[in-house]
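Remarks on the structure that follows.
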Amino acid sequence: MVVQSQLVFDHFAPIKSCKRTALFTGIPVIDLKDPEAKTQIVKACEDFGFFKVINHGVSDHLIGDLEAQALKFFQLPQSEKEKAGPPDPFGYGSKRIGPNGDVGWIEYVLLNTNHELISEKSLFILRENPEVFRCAVEEYILAVKEMACEVLEAMALGLRIEKSALSWLLKDERSDCCFRLNHYPPCPELEALSGRNLIGFGEHTDPQIISVLKSNNTAGLHICLRDGNWVSVPPDNASFFINVGDSLQVMTNGRFKSVKHKVLADPIKSRLSMIYFGGPPLNEKIAPLPSLMEEGEQSLYREFTWWDYKNSAYKSRLADCRLGPFEIKTLTPLLT
């Protein structure tokens, strides 16, 4: 029995684990049909960098179709799935997250959504799987992108700036958006042995403008509150969750903060999540928006292109402060 336990721990040794935290009931809920949504979105971004959206307009049919097709893909034999890998970063991956040593109890598919920039791995996945899979992906992305732009336009109105000041970055035909399917298989062995959960995806922020998350009814998503405490987000498969990304943090000069988050694998149930990452065109310059700056307010970040930041983020570890190298350091005057 001791030998068996040791083998289990050896198998999971590269992947860290941690204790679950209590479900947090204070997540802001935004009804997109509510005339006050624009004000509520701004407050949620200031307080949490994260909120839940209801009355989002994305049909249950589109969501159900893609979830079914995603599960079919992840249920394929490992040898079949690995034909779409290794990720470059697009394609199929398992356990390894990025090229810099991060690992998690996860398998995933990452696709880029711009047909002008689509990668060979993305094309392979879409071509090698039944047409119904490709159609489900494309129709879902189209609907979620439309909803993401609606959120950004409401956000802009709440900030009292031009309605299209943020959404055009996603609507531009050169926008660098991507789409990710994450599957976290159940992991009962470690739970039985230690009462802990394997980390499915380690703590990080998203580098894009916003991320739009949809998951099944399995818990696992955790966010870090402003006071540094981690809380568990109650699952809700009827709603979408919105993350503020690093780029939006810069554009608001730190008024909004990108939310640090992670996912723990469940010991009993698998978790499936689908994330649309809304990114700007590669050559777009990212800097605090002048329309949001108060008179005399100093920029906290130096200007950079999305290409610069994307490359920098790709070279970092998940938990690194990716915005650090782009912050403008202010010297504290010496007291005399």
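The first residue in the sequence is number 1, and the count goes up from there. No experiment lies behind these values; they were computed from the predicted model shown.
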Under the criterion ring-ring contact (aromatic ring centres under 6.0 Å, His included), I'd like the reasoning laid out for H204 against H261: C-alpha separation, chi angles, the key distance, then a yes or no. CA-CA 6 Å; H204 64 288; H261 55 288; 4.2 Å; yes
What pair of heavy atoms forms the shortest contact from Q249 to S258, and how long is it? OE1-N, 2.8 Å
Minimal heavy-atom distance between H183 and S270, with the atoms involved, is NE2-CB, 3.6 Å
Hey, does E327 have a side-chain heavy atom less than 4.5 Å from the side chain of L300? no
Contact check, side chains of W168 and E284, non-hydrogen atoms, under 4.5 Å: yes
Measure the shortest side-chain to side-chain distance between N283 and T305 over non-hydrogen atoms and say whether it is less than 4.5 angstrom. no
Contact summary for G49 and R226, nearest pair of heavy atoms: N-NH2, 3.4 Å
Do you know which two heavy atoms are closest between T218 and R271, and how far apart they sit? O-NH1, 2.8 Å
Tell me every residue that passes ring pair (Phe, Tyr, Trp, His ring centres under 6.0 Å) with F277, counting only those two or more places apart in sequence or in another chain. none
Sole candidate of L110, L66, N112, V109 that passes side chain to side chain contact (heavy atoms under 4.5 Å, CB included) when paired with F179: L66
Would K52 and D236 satisfy salt bridge (charged side-chain N to carboxylate O under 4.0 Å, His left out), going step by step from the backbone distance to the final call? CA-CA 9 Å; K52 180 164 73 172; D236 182 352; 3.1 Å; yes
Is it true that, when you exclude Q78 itself, more than 12 heavy atoms of the residues, nucleotides or ligands shown sit nearer than 6.0 Å to its CD? yes
Whether R255 and E297 form a salt bridge (side-chain N of Lys/Arg under 4.0 Å from carboxylate O of Asp/Glu) is what I want to check. no
I want to know whether F201 and Y108 have ring centres closer than 6.0 Å. no
Do I199 and L213 belong together in a cluster built from hydrophobic side chains that touch within less than 4.5 Å? no
